[in-house]
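One-based numbering, in listed order, for ligands and for the atoms of each. All values below come from the heavy atoms of this structure, side chains included, with hydrogens, waters and symmetry mates left out.
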Amino acid sequence: MSANSLPENITSWHSLEVDKALGLLSSNADSGLSVEAIEQRLQKYGPNELEEQGGRSAWEILLDQFKNIMLLMLIAVAFISGFLDFMAWQANTLKPGEVPFKDTVAILAIVILNGVLGYVQESRAEQALAALKKMSSPLVRVLRNGKLVDVAAKEIVPGDVMLLEAGVQIAADGRLIEQANLQVRESALTGEAEAVSKQANITLPEETSLGDRINSVFQGTEVVQGRGKVLVTNTGMRTELGKIAELLQSVETEPTPLQQRMTQLGNVLVTGSLVLVAIVVIGGIIQARGFSNLQELLEVSLSMAVAVVPEGLPAVITVTLALGTQRMVRRQALIRKLPAVETLGSVTTICSDKTGTLTQNKMVVQSVYTNQQNFKVTGEGYAPVGEFYLDSDADYPIVPEEYPEIASLSVACAVCNDSVLQKENGEWAILGDPTEGALVTLAGKVGIEKDQWLSKLSRVGEFPFSSERKRMSVISQVEKVSTGEASVTDVDPKIAGLLNNEPYIMFTKGSPELILARCSGIYLGTNAAPLSEEQRSQVLAQNDKMASNGLRVLGFAYKPLWEVPPEGADETTEENLVWLGLVGMLDAPRPEVRAAVQECREAGIRPVMITGDHQLTARAIATDLGIAQAGDRVITGQELQKMSDEELQEQVDLVSVYARVAPEHKLRIVQALQNRGRFVAMTGDGVNDAPALKQADIGIAMGITGTDVSKEASDMVLLDDNFATIVAATKEGRVVYTNIRRFIKYILGSNIGEVLTIAAAPLLGLGGVPLTPLQILWMNLVTDGLPALALAVEPPEPDVMKRPPFSPRESIFARGLGSYMVRIGVIFAIITIILMEWAYTHSQTFTGEGLNPERWKTMVFTSLCIAQMGHAIAIRSNNQLTIEINPFSNMFVLGAVVVTTILQLMLIYVPPLRAFFGTHWLPPTELAICCGFSALMFVWIEMEKLFFRFMGKKTV
Ligand code: ATP
């Protein structure tokens, strides 16, 4: 059947036999589809993607922008100002040259601009997050052209043969071809929380409901346990999930803690300004003993209301967070939830897995212990070439064939294994778990080829690996002779000694202590014998020796069987095993991790290792990396199990290594740490790590080895699985938060200065408002906004990772930010008010050609703007003097200061701009005086830094 005549309208694949379904889709269970068929089907059915649904509509996003108390106040100001202009226009009391409604139009324009900017930023943030989500979208393992390949989920087509394993999020709907212990959580589709056990070899009535179709799997559901092979029947919007696409999770757009704080800040500012307006109006009325100056007081009130709103702030914050996310992606940390950008900086404890995150996850077997002899194994990477040396004779390699126990152990390594060793571009590489890859390589070094042995010992059953079980077993049928009977003489001599007459054999591998505890016999090279206590302790001693050298050790055993055990009978079948031996592999630490651990410690962050591996292996590696230090404790999962939550809480700050833990222990560890007030980042990769990742303050999933389920539960995905990346992301988080605080100080200090200056004018009896709403908007948006944007990209201060983390729950005003704002605002106001007083008298008395007596207002306007330039330069560092900072290390600040100053001068010296903004020409001397006063602001901040340095106080 050609691709074009594929069955379109079959909805009941579950009622078909597997072979029939394969035939209908022209596919093959052993080789999958051909490249041409895939091409054609991709053309015909399109990519396996769901159309994005949910999220806020464009209108909702736009409307949300105006649900902001500060913008609402501005709108009110615009209308009041418009009303006043209208009255003046009617009464013909407009000043000569004055354009009515200018302020109203300007304010409304700013309100609209702010709304549109916010809208653009937010929708871009949503798109960016959606794109990030796509980047972390899963790879799917499929059989194509007879080869196993990993492809992007969207490239799956009907007819593909897809492989499932624990932790996978299923990428398309399909009919099971085969399965082993397969359990799938289908809550995304059926709402049923319990995992469903799947069965391949049955057909179901057509009308079977979705939840009961146990021979099929569905897109979006999760494999909790086991393995499976699936024939893809439907993709994209034709899947069951596609049919109910509204149920899809929308892109998450939670407001960040900072956005919430900004809303609070807005409320405080608006309330504060209204109180101040009341004081000024009442004070003005009392001063004038009547309502004679009501017009002026109203104008003052309007200006103050505009001045208090930091119009540029929301945009600057959004841009900063977006830039932060981008910088993090460049450092291989993919943010899935926006708040993580800023909260990362607050992490106090990083709990990290060992394998793959702290180590390279490139395993090489170095040591084999079998039949009471220890062998060293040489060789590099996954290439199946290397020599065996007896421990007692390190000079000459042995001939493995002379040691039958090595061959038997190697057969176990090759058969009890799900990974594939293959040559890619001339290099040996593995597809699957590196631990298992190393074992196939080891077998190869002995001449045991996995493929060849899989036909001699075909797999008929298995008890899959899980982090809880810490072991796996494979049951194989022993190759039969032509009579159809398995007999000792007909079995390959390499395994002949393992069997009597049994037709099946089970190989088990896993954590050595656990496997050994399940053994009652031991293999001695040619035959099995009862396992003595002495042999048991010898094995354990050898295991400890290997582990304390940092090796990851696996134990192997076997059991001859008369029949295939039923599914789920692992506990009873994996008993009375015969011990085969130990295999120790090296997984070298990642070279960059040592420095990252050091950096963590300096930054007040405690690294903790949580691993399923043996305590001695874990301790050796943790000590090597600097994670475990003198006095630190190592706790095993068993010990943890016995502890109450309170006991764990008491210990949790002293433990730097948790070994042999199961995923559910991770959750308890996070909770105990959190109860001690720690802010925890936790890594995870397995399907059962999801609860701990969700519970952690920052859940971190592994991009390469992580299961889809763990990624879905995480706040951040490590694209390179590397611990050093967590530390780098933490640093970025700190930089982002520091910069945000920096420009909030910068912007709000100036706002307070403006408000106080405006309030002072009528109280000093200057007769007039120094700043019009239009000029204030100009200051808040342009002369404050541009430098603030530049401050957002300020490079990290040298001590950013040398100070303790800050609580994510601290108030925005904490650590001196509030007092800084008020202090600088007041200084700002004092300097400007002195200038204003002088300029007022001066411009009344010193008049000449082209000089307007109202030009004192322009002097106030100019000095406020120029003072902010000095402020921007000085605020680049909290503690370092400006001369101690490289002026070119943030070219944006320099650029913003130059551009803003030029723009400000244009407002005074370019006639059309002068007319529009209502400014007056200033002679050079007066401009110089403004600059002189403005410079005082810079001087003050530098003096403050010197003063705090002298007092030994460091602001952060
Ligand atoms: P980490 O939690 O740091 O990633 P880990 O890889 O050792 O460490 P798990 O994958 O949970 O953690 O493995 C736990 C233990 O199970 C291992 O120490 C090992 O003894 C055993 N084990 C690991 N992989 C396999 C496997 N493929 N087959 C059998 N046993 C395994």
Determine whether the side chains of [X] and [Y] contain a donor N or O and an acceptor N or O closer than 3.5 Å.
X    : Y    : result
D721 : T705 : yes
E513 : S511 : yes
Q651 : R633 : yes

What do you reckon, does [X] have a nitrogen or oxygen under 3.5 Å from a nitrogen or oxygen of ligand 1?
X    : answer
T355 : yes
T611 : yes
T435 : no
L554 : no
R660 : yes

Numbering the atoms of ligand 1 from 1, which are under 4.0 Å from a heavy atom of [X]?
X    : result
D353 : 3 (O)
K354 : 1 (P), 3 (O)
S511 : 20 (O)
E436 : 26 (C), 27 (N), 28 (N)
K509 : 26 (C), 27 (N), 28 (N), 29 (C), 30 (N)

Any side-chain to backbone donor/acceptor pair from S710 onto D685? Under 3.5 Å, distance only.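 Yes, because the side chain of S710 sits within donor-acceptor range (under 3.5 Å) of the backbone of D685.
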Is [X] salt-bridged to [Y], cutoff N-O under 4.0 Å?
X    : Y    : answer
R227 : E165 : no
R606 : D632 : no
D624 : R594 : yes
R552 : D613 : yes
R518 : E571 : yes
K642 : E647 : no

Just need the protein heavy atom nearest to [atom], so name the residue and atom and give the distance.
atom                    : result
atom 30 (N) of ligand 1 : G510 CA, 3.3 Å
atom 11 (O) of ligand 1 : S467 OG, 2.8 Å
atom 7 (O) of ligand 1  : R552 NH1, 2.7 Å
atom 22 (N) of ligand 1 : F465 CE1, 3.2 Å

Under 4.0 Å, heavy atoms only, figure out whether ligand 1 is touched by the backbone of V661, its side chain, both or neither.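 It is neither part, as no heavy atom is under 4.0 Å.
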Ligand 1 contacted by R469 (non-hydrogen, < 4.0 Å):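 Per 4.0 Å heavy-atom rule, R469 does not contact ligand 1.
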Within the structure, is a non-hydrogen atom of I610 found at a distance of less than 4.0 Å from ligand 1? yes
Do K456's NZ or CZ and the ring of W453 fall within the cation-pi criteria of under 6.0 Å and 45°? yes
Option nearest atom 2 (O) of ligand 1 (shortest heavy-atom distance, choices A662, S352, G612): G612
